[in-house]
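Below is one structure, written out as structure tokens, with a few remarks after it.
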Amino acid sequence: MKTVSWICRLGLGGVFIYAAIIKLVDPADFVGDIDHYALLPYSLALAFGVFLPWLELVGGIAVILRWQERGALLLLLSLCGIFGFALASAWWRGLDINCGCFGHHLAVFPRGAWRSPATWGWASSLFSS
Amino acid sequence: MSGSFPWRQSAGEAAWLLLLASTLSLLGFWLNPRAPAWRWTKPAVEEIDLSPLEKWREAPLWIDARSTASYEQRHIPGAISLNENAWDQSLPVFLAAWQPNSKIVVYCDSLTCDASQSVALRLQRELKLNEIHVLKGGWQTWQQAHPP
């Protein structure tokens, strides 16, 4: 059971660390991706575009290292919820935009969209264990 | 999750992590040369009306920023498809057509679409192109001026 839990933590943390690093390499692209959702004024899209990748990175590392683990899982769950809401609203409004989930490496909207519900389930199972 | 779940402790831990991420993001914003410049409003590429554009001595290089499916249905004659969803595949086609003195005009669906601004900004940012404009009203305006 310990090994399964460790693999789950490694997988969940790894997904967020990977997503964070891709966005940190080119933060302007991620700011553009957030802006295309047309949910926030540009200044807030810029602030979130700079802040969210670091939050993903810190959260992912904390989950793997079991450092402030429940707090990290709470944050990652919240992030999944926010991303899921943004994706659903973009889909609802018929926006033809990049998902932004994994920078431009997994760019097309529907392909990246699995991430939010999948990682939400993943994080919540670890959170409640 | 029972009533004894340590919500307060979890929230405290989350607050520490938020503080750490905020500090790192401020440092990253300050130190990363690729970080976007701070601004309150969105940077915009100059929009141009169709009528003055049609009086240009040389025809511009048209870039269609709509979806590939829309481009394949119909597009401005001579336009090249370049949208963010197929950027890597379409960029070589654009580079083959581009000349150093080309004037580029990017269009998307209508007045309310944003794809032309995104593509124009990306071309400016990544290829350092200056002679680039966005067609005001996009494909809708072109269609009204050139009915089938």
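Protein chains get the first letters and strands the later ones, always in sequence-line order, with residue 1 at the start of each.
The most heavy-atom pairs under 4.5 Å with chain A, out of B/A14, B/S118, B/A35, come from B/A14.
Not a single donor-acceptor pair under 3.5 Å links the side chain of B/Y107 to the backbone N or O of B/W142. Put simply, the side chain of A/R9 gets close to the backbone of A/V63: a donor and an acceptor are under 3.5 Å apart.
Identified by a heavy-atom distance below 4.5 Å to chain A, contributing residues of residues 89-99 of chain B are lacking entirely. For residues 15-29 of chain B, a heavy-atom distance under 4.5 Å to chain A picks out B/W16, B/L17, B/L18, B/L20, B/A21, B/S22, B/L24, B/S25, B/G28, B/F29, given by residue number.
For a residue to count as touching a neighbouring chain, one of its non-hydrogen atoms must lie under 4.5 Å from one of that chain's; by this rule A/L24 touches chain B with the backbone only. If you measure heavy-atom distances from A/A72 to chain B, the contacts under 4.5 Å come from both the backbone and the side chain. With a 4.5 angstrom heavy-atom cutoff, A/V31 touches chain B only via side-chain atoms. For B/N32, the part lying near chain A is the side chain, with the backbone staying farther off; criterion is any non-hydrogen pair under 4.5 Å.
No path of Ile, Leu, Val, Met, Phe, Trp and Tyr side chains, each step under 4.5 Å between heavy atoms, connects B/V105 with B/Y71, placing them in separate hydrophobic clusters.
Residue-environment remark: CH2 (A/W6) stays at or below the threshold of 12 foreign heavy atoms within 6.0 Å. For B/N101, the CG atom is densely surrounded, since the number of other residues' heavy atoms within 6.0 Å is greater than 12. Few gaps surround CH2 on B/W38; more than 12 heavy atoms of other groups in view lie less than 6.0 Å from it. Within a 6.0 Å radius of CZ in A/F48, no more than 12 heavy atoms belonging to other residues, nucleotides or ligands are found.
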side-chain hydrogen bond (donor to acceptor under 3.5 Å, both in side chains), that's the test. Do B/E13 and B/Q9 meet it? Break it down for me.
CA-CA 6 Å; B/E13 289 179 3; B/Q9 187 200 341; 3.0 Å; yes
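Here the side chains of B/W62 and B/H75 are not in contact, with every heavy-atom distance at 4.5 Å or above. B/W139 has its side chain out of reach of B/D64: every pair of non-hydrogen atoms, C-beta onward, lies at least 4.5 Å apart.
Not a single ring pair (Phe, Tyr, Trp, His ring centres under 6.0 Å) links A/W92 to another residue, sequence neighbours left out. Every side-chain contact (heavy atoms from CB on, under 4.5 Å) that B/A120 has, sequence neighbours left out, goes to B/V45, B/V106, B/I132, B/V134.
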